[in-house]
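Structure first, then comments.
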Amino acid sequence: MTTRALFASSRGGAPTVSFGAAVLQGLAPDGGLYVPLSWPHLAPPDFDGVSELPAIAGRLLAPFMEGDPLARELAPLAAEALDFPAPLVPLAPDGRLSVLELFHGPTAAFKDFGARFLAGCFGCLRQGAERPLTILVATSGDTGGAVAAAFHQRPGVEVAVLFPKGLVSPTQERQLTCWGGNVRSVSVRGTFDDCQRLVKEAFRDAALATRTQLSSANSINLGRLLPQMVYYAAASLATWRAHRERASFIVPSGNLGNALACLWARRIGLPIGEVVLAHNANRTVPDFLASGEWRPRPSVATLASAMDVGDPSNMERLRALHAGIEELRAAVSAVSVSDDEIRARIVAGYRQFGQIWCPHTATAAEAWARLPPEARRERRWVLAATAHPAKFREIVEPLIGRTVPVPETLAKLFARPAQCVEIDADGRALRALLEQGK
Ligand SMILES: *Cc1c(COP(=O)(O)O)cnc(C)c1O
């Protein structure tokens, strides 16, 4: 079977590859990120009669896998990975504001969609492989849990999850350290950016590469990014079918993987209007759109900790999609939300709508509240609710004055014993850990 090369590095210095190869590599060899060479076009009529996530995935993702051996596995992969709902819940009677609940998966965050699809891809790609594969993932909160859950107990795969010590919520930490078996939890004395740097360094480490087959499961991996388009497609199609209007999305953003999936879905032709990036106090992207100068900086810790990113790696993909600052400004807008505004918005959301929002979702709600009134009236806004509030109950409960019910899946994880190792934010420490095996 011929394998068609459909993806190129955002830096243009690496051979083009097909989907399966891009998934195995994670990062392109020139340090860039894989982006589609060309865009398929799919409009609402192409999805007639299709509304479930796996079926939408079948149509939406097939063009990206064309000619790749994984294409044959797309239907079962999608059915297995996307087996929980992403309900679109209207908040206002006029239907101008809805919440897209992305937190009904095993670890109660949107990252379950991508992580589970990616794990399925690796399962297919690695069948019959001799050396075990090590998945390295840096997490500022939810990635690690979702990836660990998706890969836990899969044969032939080891997982190392790096998280910044003391900078994730206690509830998140439990979820990062409750695995054992083929999953190692690594508490790094540093920030999320340090964790991400360690992962990037490990990939460039030629000596390590000869001993260990490394891959990534961060949002830089196409196997996570592409399936995230599916829920935006589903929500925008549902809105289109009901109202013949486009859905505009507000996406809580850190590394920009979730937002990029939305923008890619729009590029392909799904009925998506505006896209607003809601950032916390890490304002690298809002500042860039305002000033035109790209100035990555160290991350600062906020209540919406899964978005504490000062140098979002998917920015390379965003700039590959919209070259030039003017084009980018026309394509997206971005806001920065302070911790005080997050707190106030959690309180307001509970009072106004009876909604309990996690701090990340609250940034999107705050971005909506800041829109000009006519924009709120004229468009159909969808807030991406990226995590279940029970994951951040230390923050949420005192604000709304009640306990947050814990979903059954999370309760099961919390009951498991914690285990993790601690290292300095130093490439040698990570290498030693990876080489020592288990
Ligand atoms: C990861 C995460 C985000 C940020 O998503 P990106 O794809 O990194 O922009 C937002 N909210 C929650 C709950 C997350 O876990």
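For ligands, and for the atoms within them, numbers begin at 1 and follow the listed sequence.
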Enumerated ligand 1 atoms positioned under 4.0 Å from heavy atoms of Lys111
1 (C), 2 (C), 3 (C), 14 (C), 15 (O)
Suppose I only count heavy atoms of Met307 and a 4.0 Å limit; which atoms of ligand 1 are within that range?
3 (C), 4 (C), 10 (C)
At a 4.0 Å threshold, what atoms of ligand 1 neighbour a non-hydrogen atom of Ser253?
9 (O)
Any atoms of ligand 1 less than 4.0 Å from a non-hydrogen atom of Pro252? List them with their elements.
4 (C), 10 (C)
For ligand 1 and His360, I'd like to know whether there is a polar contact (N/O to N/O, distance under 3.5 Å).
no
Does any N or O of ligand 1 fall below 3.5 Å from an N or O anywhere on Asn258, backbone included?
yes
Is a donor from one side chain sitting under 3.5 angstrom from an acceptor on the other, for Ser299 and Asp308?
no
Does a side-chain N-to-carboxylate-O contact under 4.0 Å join Glu326 and Arg329?
yes
Looking only at heavy atoms of Phe110, does any of them come nearer than 4.0 Å to an atom of ligand 1?
yes
Classify the side-chain pair Ser185/Gln419 by whether it contains a donor and acceptor separated by less than 3.5 Å.
no
Can you sort out which atoms of ligand 1 are near Gly257, meaning under 4.0 Å from one of its heavy atoms?
6 (P), 7 (O), 9 (O)
Between ligand 1 and Ala259, is the shortest N or O to N or O distance under 3.5 Å?
no
Indicate yes or no: does an N/O atom of Ala306 lie under 3.5 Å from an N/O atom of ligand 1?
no
Can Arg11 and Glu316 be counted as an ion pair, charged N to O under 4.0 angstrom?
yes
